[in-house]
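Residues: numbered from 1 along the sequence shown. Not measured: the values here are computed from a predicted model.
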Amino acid sequence: MTNRAIPASPRLLSIRTRTALAASLLGLLLGAPAVAAAPAPAPGDGTILVPTGDLATTGVSGRAGLFLSGQPGVPAFLSRLVSFEKGDRPCKNDARYWFERPQSPRNPVRETKTPVVATSRCSASPGSAKTVMVPSAGGRQLDGSVNTAAGVQVCMNAKRTRVKGIRLLGANISATGQVTHSSAYDAEFTRPNCTGTWETARRCASDRVATGVRFHYIGDSLTGIALECQRVEVRTLAVRP
């Protein structure tokens, strides 16, 4: 006697198929772990902002004299100024910067460094320091943009022989490198002998930001400030194999 497999009826196959599909769907709904969507990259991820092109120097806010250049040894953006006095004389001044770089040749995550450049015509007291900084300068915002300095304005004493207040005029650099100058990013400090009348404001061109400073001195007193300005490049970070 020959054994034969008896084919299942189409109706039975249909019932079995529907039951298996239902069980699979129920398992997915009740027991299977959800697959999280990959987070979207933040604006500016994988890129750094760098100064680029020729240097353009603004006019002097205040009085021109012998200038000392406070420019960092690496391409960087100006974030703050610090002024020290000896007696009543503003004779020592610092420029502080920010720049971005990859953490390592094989790691495209950027990090921010802050070099300091000091210019001095005296040994001033550390306790006399006054600082002006563009709000959140050098720190990336949620939209990938960053604030930086793009202009300067000084307040002087009544004889116009000493700077007694400094105002930094700010700008915002978008994640795509677009520069927007705005008073929303301005900051200032004043000392008691500031007359309240501010000298002519000096700004970088609308597509540039500050990447260097020229401190002007007459004798050993700061009498004026000019800025060196450049355009901005967005540079993509690459991972080395």
Side-chain angles (χ1 to χ4, degrees), residues 42-44 47-64 67 69-72 74-83 93-100 110 112-117 130-156 163 165-190 194 196-216 222 224-235:
T47 63
I48 57 173
L49 301 172
V50 294
T52 189
D54 61 304
L55 279 175
T57 306
T58 69
V60 179
S61 183
R63 294 178 61 192
F67 75 83
S69 180
Q71 191 176 45
V74 295
F77 301 95
L78 179 67
S79 63
R80 74 184 81 177
L81 298 176
V82 185
S83 186
N93 297 276
D94 291 354
R96 306 193 180 189
Y97 295 83
W98 64 272
F99 70 94
E100 297 177 329
R110 65 173 170 261
T112 302
K113 294 292 186 180
T114 53
V116 178
V117 180
K130 285 276 193 177
T131 300
V132 55
M133 176 179 174
V134 171
S136 303
R140 290 283 187 139
Q141 313 292 322
L142 291 177
D143 61 359
S145 68
V146 61
N147 299 338
T148 195
V152 68
Q153 192 173 18
V154 303
C155 178
M156 304 189 74
V163 168
I166 301 174
R167 178 180 290 156
L168 277 180
L169 312 177
N172 178 267
I173 307 171
S174 74
T176 58
Q178 181 177 351
V179 175
T180 303
H181 291 216
S182 172
S183 60
Y185 313 116
D186 294 356
E188 67 182 55
F189 77 76
T190 59
C194 167
T197 300
W198 291 82
E199 300 285 320
T200 302
R202 304 297 186 180
R203 284 188 179 274
C204 299
S206 61
D207 62 343
R208 295 174 182 250
V209 294
T211 58
V213 183
R214 293 184 178 185
F215 294 109
H216 285 255
L222 180 69
I225 302 175
L227 299 181
E228 297 171 347
C229 310
Q230 288 178 275
R231 295 183 176 89
V232 180
E233 176 189 344
V234 180
R235 189 171 296 171

[atom1]/[X] to [atom2]/[Y] distance, rounded to the nearest 0.5 angstrom?
| X | Y | atom1 | atom2 | answer |
| --- | --- | --- | --- | --- |
| W98 | L78 | CH2 | CG | 11.0 Å |
| E188 | L168 | CD | CG | 10.5 Å |
| D94 | R80 | CG | CZ | 10.5 Å |
| L169 | T58 | CG | OG1 | 10.0 Å |
| I48 | F99 | CD1 | CZ | 9.5 Å |
| L222 | S83 | CG | OG | 6.0 Å |

Evaluate the side chain to side chain contact (heavy atoms under 4.5 Å, CB included) criterion for residues F67 and V60: first the C-alpha distance (whole Å), next the side-chain angles of each, then the deciding distance (0.1 Å), finally the verdict. CA-CA 10 Å; F67 75 83; V60 179; over 6 Å; no
So, for [X] and [Y], which heavy atoms are closest and what is the spacing to 0.1 Å?
| X | Y | answer |
| --- | --- | --- |
| T190 | W198 | CG2-CZ2, 3.7 Å |
| G170 | D186 | N-OD1, 2.9 Å |
| A76 | P72 | CB-CG, 3.9 Å |
| Y185 | T180 | CE1-O, 4.3 Å |
| V234 | A175 | CG2-O, 3.8 Å |
| I225 | V152 | O-CG1, 3.8 Å |

Is the closest side-chain heavy-atom distance between [X] and [Y] below 4.5 Å?
| X | Y | result |
| --- | --- | --- |
| Q71 | L55 | yes |
| R140 | L49 | yes |
| V117 | F215 | no |
| L227 | V213 | yes |
| L81 | N93 | no |
| E228 | R214 | yes |

Is the count of non-hydrogen atoms from other residues, nucleotides or ligands lying under 6.0 Å from Q178 atom CD greater than 12? no
Any sub-3.5 Å donor-acceptor pair from [X]'s side-chain atoms to [Y]'s backbone N or O?
| X | Y | answer |
| --- | --- | --- |
| Q153 | E199 | yes |
| H181 | R208 | yes |
| S61 | R202 | no |
| S79 | R96 | yes |
| E233 | V50 | no |

Before you tell me yes or no, could you show the steps for Y97 and V74 under side chain to side chain contact (heavy atoms under 4.5 Å, CB included), namely the whole-Å CA-CA distance, both residues' side-chain angles and the distance that decides it to 0.1 Å? CA-CA 10 Å; Y97 295 83; V74 295; over 6 Å; no
Regarding S136 and N147, do their side chains bring together a donor and an acceptor under 3.5 Å, going by distance alone? no
Answer yes if the side chains of S174 and T176 hold a donor-acceptor pair under 3.5 Å, and no otherwise. yes
When D207, T52, T211 are each screened for side-chain hydrogen bond (donor to acceptor under 3.5 Å, both in side chains) with R231, the one that passes is D207
